[in-house]
Amino acid sequence: MSPSPPPTALLVLLLLVFVAVVCKETTHASALNAANTMGVSPQKLERIQKYLEKINKPAVKSIKSPDGDIIDCVLMDKQLALDDPLLKNHKIQRVAPKWPASRSDDAGNQQPRNGATRRALQAWNVVDNCPDGTVSVRRTTVEDVLRAGSLSRFGKKNVHNQLAATAVEHEYAFAGVGQQAYGTKTIVNVWNPSVRNNSEFSLSQLWLAAGTYGLDHNTIEVGWQVYPGMYGDSNTRLFIYWTRDAYNTTGCYNLVCPGFVQTNSQVVLGGPIAPVSTYNGNQIEITLRVRKDPNTGDWWLIYDNIAVGYWPSAIFTHLKSYATSVQWGGEIVNTLGSGQRTTTQMGSGQFAKEGYQKASYFRNVEVINTTSYLVPPQSVYTSATYPNCYDIQTSSSDPSWGFYFFYGGPGRNPQCP
Ligand SMILES: *[C@@H]1O[C@H](CO)[C@@H](O)[C@H](O)[C@H]1NC(C)=O
Ligand SMILES: *[C@@H]1O[C@H](CO)[C@@H](O)[C@H](O)[C@H]1NC(C)=O
Ligand SMILES: *[C@@H]1O[C@H](CO)[C@@H](O)[C@H](O)[C@H]1NC(C)=O
C-alpha cells in the first residue's frame, strides 16, 4: 500500500488541478470570444475544435511563453508526425548523422567583423524546459485557424490555390545552384522586416528541392519569417516547410501536419527568435544545417548546434534520392494586385549594396556534394523578381565569410512604384 500523501503535497496537487481547470476555461473562453467577434458559426467552431484535438497532441506539461505562445511538451512517440500513414511502423531515429568537416567551419563560427554578433534565443526556453523524452511543440489555437480563413488553407503555402492566386504574388531575391546535393549549411542574419498586412509575409530561408516545379516538386525549407496572418503577431519566427507535390495537397509549415519528426525538447518550430539585428548595431545570426543521413535517407535539421529532428525519407518521392537544386534568400508575398508593389520589406528592408550592419546576409553558405564533402557552392546564379524593389549581390571581399551575399529591400519606393 502506498503511504498517504503529506498535507502539503495534497495542497500542491489541489492547486495544480485548480490551475489546470482555470487555464482550460480561459483558453476556451477566449477562443469563444474571438469566434463571437469574428461572427463564426457554432458549427464551424466545432469543426475547428475537432481538428485541433487531432493536431494538438496531449501534453505532459505546458509552458506559457512570455511571447504569448503556449508550448506543449508532447511525448516523442506520441507526436503528430507519426499519424502520417507513410510513417506507420516508423522507428524514431535519435541520432543525427555526423556533420562533415569543412575548412570554413571554424571561420564560420568566428565573430564577424566589427560589432558583436549574438545568437538568437527562444524566450519560452529561458522560462522553463520540456522534460526529457518529450518534444516541444507550439500549440495551435482556434484564432490561428480562424486567421487562415479556412481549415484547408491553414498552415499551407497555397502557391497553386486558384482562389487565393488571383492577387497573390510571390517575389524573390535569392542565390542558387543546380546540382546533386545531400545537404547545406549557412549562417543567416536575422531581422524583423515590416509586413504590410496579415495576408502578406516576409521570409528568409534555404530551399532543398527536386522534381518538377508546379507538378511533383519536393522541397525542404527552413528559415525565419514574419507572418502575422499565420501567427497573430509580427515577431520573427523560426519555421520549416515541406511538400512532395508542389504545395498542392501535401506538406505544411512547422508541425501542423504529420511529416517532420521532432527529436528535441529545446527548439520550437514556429516559435519566435529574439533578439533580432539592429541597423548599424548588433548583428544576430542563426546557423542552419540540413543533411541527408547516408544510412536512413532521412533529412536532418540542425539549428545552431541542436539536432531538431528530421524529414523522414518516406514522406518524399524525388527527395528520397537527393536534391537537384539548393537556394538561399528572401521571399515576400504581395496581395495588392493590378501590378502594384507592396511596402512589405525583405531582409532588413535595405538594398544589398548597403552591406554589413545595414543589409541582411547569408554567409559561409555551403553544400554537401555527392562524395559527402561540405563545399562552397559552384556556378551560383542569382535571381530577383523586381530588382528595384528587392535585390541581391554576392560578394567575396571577406575570405572568412566563404560564399556570401547581401539581399533584400524596402519594396515600394520611387524606383519601384
Ligand atoms: C492537386 O491535387 C488534386 C487532388 O489530389 C488533383 O486533383 C489535382 O490535379 C492536383 N493539382 C495539381 C496541379 O497537381
Ligand atoms: C491585405 O491587403 C489586400 C489588398 O489590399 C486585401 O485584399 C486583403 O484583404 C488584406 N488582408 C487583410 C487580412 O487585411
Ligand atoms: C566533393 O568535394 C570534394 C572536396 O572539394 C572534392 O574532392 C570531390 O571531388 C567533390 N565531389 C564531386 C563528385 O564533385
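Whatever order the structure lists ligands and atoms in, that order sets their numbers, starting from 1. Sequence positions, counted from 1, serve as the residue numbers for this chain.
Residues Tyr231 and Asn254 have side chains that bring a donor and an acceptor to within less than 3.5 angstrom of each other. If you check the side chains of Ser397 and Tyr404, you find a donor sitting under 3.5 Å from an acceptor.
Closest to atom 7 (O) of ligand 2, if we only count protein heavy atoms, is Thr335 O, 4.6 Å.
For ligand 2, one of its N or O atoms has an N or O atom of Asn197 under 3.5 Å away. At under 3.5 Å, a nitrogen or oxygen of Thr371, whether backbone or side chain, sits near a nitrogen or oxygen of ligand 3. Considering backbone and side-chain N/O atoms, Asn369 comes within less than 3.5 Å of an N/O atom of ligand 3.
Taking every heavy atom of Val375 and a limit of under 4.0 angstrom, the matching atoms of ligand 3 come to 2 (O), 4 (C), 5 (O). Each of the atoms 1 (C), 2 (O), 3 (C), 4 (C), 5 (O) of ligand 2 lies under 4.0 Å from some heavy atom of Arg196. The distance from ligand 2 to the heavy atoms of Asn198 drops below 4.0 Å at these ligand atoms: 13 (C). Close approach to Thr370 involves these atoms of ligand 3, each under 4.0 Å from a residue heavy atom: 12 (C), 13 (C).
Across Leu215, Thr250, Asn248, Thr249, heavy-atom proximity to atom 12 (C) of ligand 1 is greatest for Asn248.
Annotation: Tyr373, atom OH; neighbour count of heavy atoms from other residues, nucleotides and ligands within 6.0 Å does not exceed 12. Dense packing is recorded around OH of Tyr51, with more than 12 heavy atoms of other residues, nucleotides or ligands lying under 6.0 Å away.
Classification of the Tyr381-Phe174 ring pair by plane angle, with boundaries at 30° and 60°, yields perpendicular.
Within a 4.0 Å radius of atom 2 (O) of ligand 2, the protein contributes one or more non-hydrogen atoms. Distance screen at 4.0 Å: atom 14 (O) of ligand 2 has a protein heavy-atom neighbour inside the cut-off.
Less than 6.0 angstrom separates the ring centroid of Tyr356 from the ring centroid of Trp401.
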side-chain contact (heavy atoms from CB on, under 4.5 Å) between Phe201 and His170, intermediate numbers included: CA-CA 9 Å; Phe201 66 61; His170 293 248; 4.1 Å; yes
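A donor-acceptor pair under 3.5 Å links the side-chain atoms of Asn413 to the main chain of Asn388, judged by distance alone.
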